[in-house]
There are 2 protein chains.
Amino acid sequence: MNRESQVSVTVIRRLPKYHRYLTELIEKGISRISSQELSVLTGFTASQIRQDLNNFGGFGQQGYGYNVEDLQKELGKILGLDTRYNAVVVGAGNLGQAIANYKGFEDAGFKVLSLFDRNPRVIGLKIRDIEIRDMEHIEEFIKEHNVEIGIITTPKDSAQQIADIYIRSGIKGIWNFAPTDLQVPDDIVVENVRLNESLFILSYFLKTKFDK
Amino acid sequence: MNRESQVSVTVIRRLPKYHRYLTELIEKGISRISSQELSVLTGFTASQIRQDLNNFGGFGQQGYGYNVEDLQKELGKILGLDTRYNAVVVGAGNLGQAIANYKGFEDAGFKVLSLFDRNPRVIGLKIRDIEIRDMEHIEEFIKEHNVEIGIITTPKDSAQQIADIYIRSGIKGIWNFAPTDLQVPDDIVVENVRLNESLFILSYFLKTKFDK
DNA sequence: AAATATGTGTCAATTTATTCACATGTATAG
DNA sequence: CTATACATGTGAATAAATTGACACATATTT
């Protein structure tokens, strides 16, 4: 087990936010920042920020703080943003197309090579320059193009079936938008985007705030 | 402050998953379940499930377990799924259109009345039966139609500006897809969907799993 | 109808996460 | 070149979350 894998998920989930603010600071031309200042930006405590960063190394300097550019670069490496991956999307509906068009993707090192669907009406269409192909050819496509990431934007009932195809084809990670928990072997990474759950949480806080 | 608002956010964020599995159990015609069985389904420990549910009341019965339908209904009430809200979307791009088409929405009690955009090329178009309108009319629309939820699916640079319009128009909650932290007064509820961050996390776990 | 099995609700124990506090090193001002 | 302010990294203290354990009530079996 490598060093990073014993850092708690709680800490990991805060890293993207640090990375985002550091990127904004670079854009503003700010080259130096203290944990105190980062605390104001992110809303985490300065102490927590120092603890978090120290899981990965001592990036700061006493009396100075952190060099923005260096720290951003380091966080990028920790998050694996320097590695490029090929991806495909199954489900060329609205959400699938939105994802294929999504710019933020490239920032994370992912490139969508193709969308797949079963609906003959969309097969052959192009989103930007990304073609929608027939599901029939997905397995060979994945193998031929060295695709490592599979994205699922279908309704929940077909999600597991698609995950199985992905696994069979040798994919390493799945980005799942379907509201279901996928069953996968230990060596496959799954990251879920739970739109429902997010909405439910919004609903909960609306209720508790206004329903007395 | 009411009872529910002192339940920790950590607990709240688990409720949608309970609700989802209970809904599936209802569909399968299962009427009774123990915390132990729910534990197998959800991956949370039985003890944790009992603790979580007990924050809101004793829904179970010793020697029997929980009545699936009752518990699902109770969780629905806790999450506020019995309340209906009108919503609008700003940003009629791919993501905005995907959201407007999204069925899971109605399950949470939200109804999208209209999309808004600045791009003259999309104004006037209809997504299902939802019209895309000019941003110019958004404030009066919100006030006239009793809209309580504002959704943001624009790039990050305009997100705060749109939030300000929402706030000025009297909206209560914002569902934000832009990768930025919105500044809002205390009485506005914001729920963020961080697609970037989710991707970064996927990237991180891919890296730590395969990069030794 | 009694005996046994089941399973909740809850309090206590443990583990994990966050905050505090400060010794130590570096930058900056005079 | 010295003095002062700054701000990290870290170990200890506190707080929060999770798990364990069991008394007690209900269901089920015989």
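Every chain is numbered from 1, with letters handed out A, B, ... down the list of sequences. Note: hydrogens, waters and symmetry copies are ignored here, and every other heavy atom, side chains too, is used.
- Contact check, A/Tyr66 against D/dG9: a side-chain N or O comes under 4.0 Å of OP1 or OP2.
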**OP:** Would you please test A/Glu139 and A/Arg168 for salt bridge (charged side-chain N to carboxylate O under 4.0 Å, His left out) and show each step?
**Re:** CA-CA 8 Å; A/Glu139 207 161 332; A/Arg168 210 163 56 228; 3.4 Å; yes
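- Each of A/Thr154, A/Asn192, A/Thr153 was scored for a side chain to side chain donor-acceptor pair (under 3.5 Å) with A/Asn176, with one residue passing: A/Asn192.
- Annotation: proximity of residues 38-54 of chain A to DNA chain C (heavy atom, distance under 4.0 Å) is found for A/Thr45, A/Ser47, A/Gln48, A/Arg50, A/Gln51, numbered in ascending order.
- Judged by distance alone, the side chains of A/Asp164 and A/Gln160 do bring a donor and an acceptor atom under 3.5 Å apart.
- Distance CD (A/Gln36) to P (D/dG9): 15 Å, rounded to an integer number of Å.
- Checking B/Tyr166, B/Phe110, B/Phe105 one by one against B/Trp175, the ring-ring contact (aromatic ring centres under 6.0 Å, His included) holds for a single residue, B/Phe105.
- The distance between atom CZ of B/Arg32 and atom P of D/dA27, rounded to the nearest whole Å, is 8 Å.
- Nucleotides of DNA chain C that come within less than 4.0 Å of any heavy atom of chain B span, from the 5' end to the 3' end, C/dT6 to C/dA12.
- Side-chain contact annotation: A/Asn55 with A/Gln51, donor-acceptor N/O pair under 3.5 Å absent.
- Residues B/Glu37 and B/Ser34 have side chains that bring a donor and an acceptor to within less than 3.5 angstrom of each other.
- Other residues, nucleotides and ligands contribute more than 12 heavy atoms inside 6.0 Å of the NZ atom of A/Lys143.
- For A/Asn196 and B/Tyr102, the side-chain atoms include at least one donor-acceptor pair closer than 3.5 Å.
- Projected onto DNA chain C by closest heavy-atom contact, A/Gln61 and A/Val11 fall at different nucleotides, the more 5' of which corresponds to A/Val11.
- Side-chain to base pairing of A/Gln62 with D/dT8: one donor and one acceptor N or O lie within less than 3.5 Å of each other.
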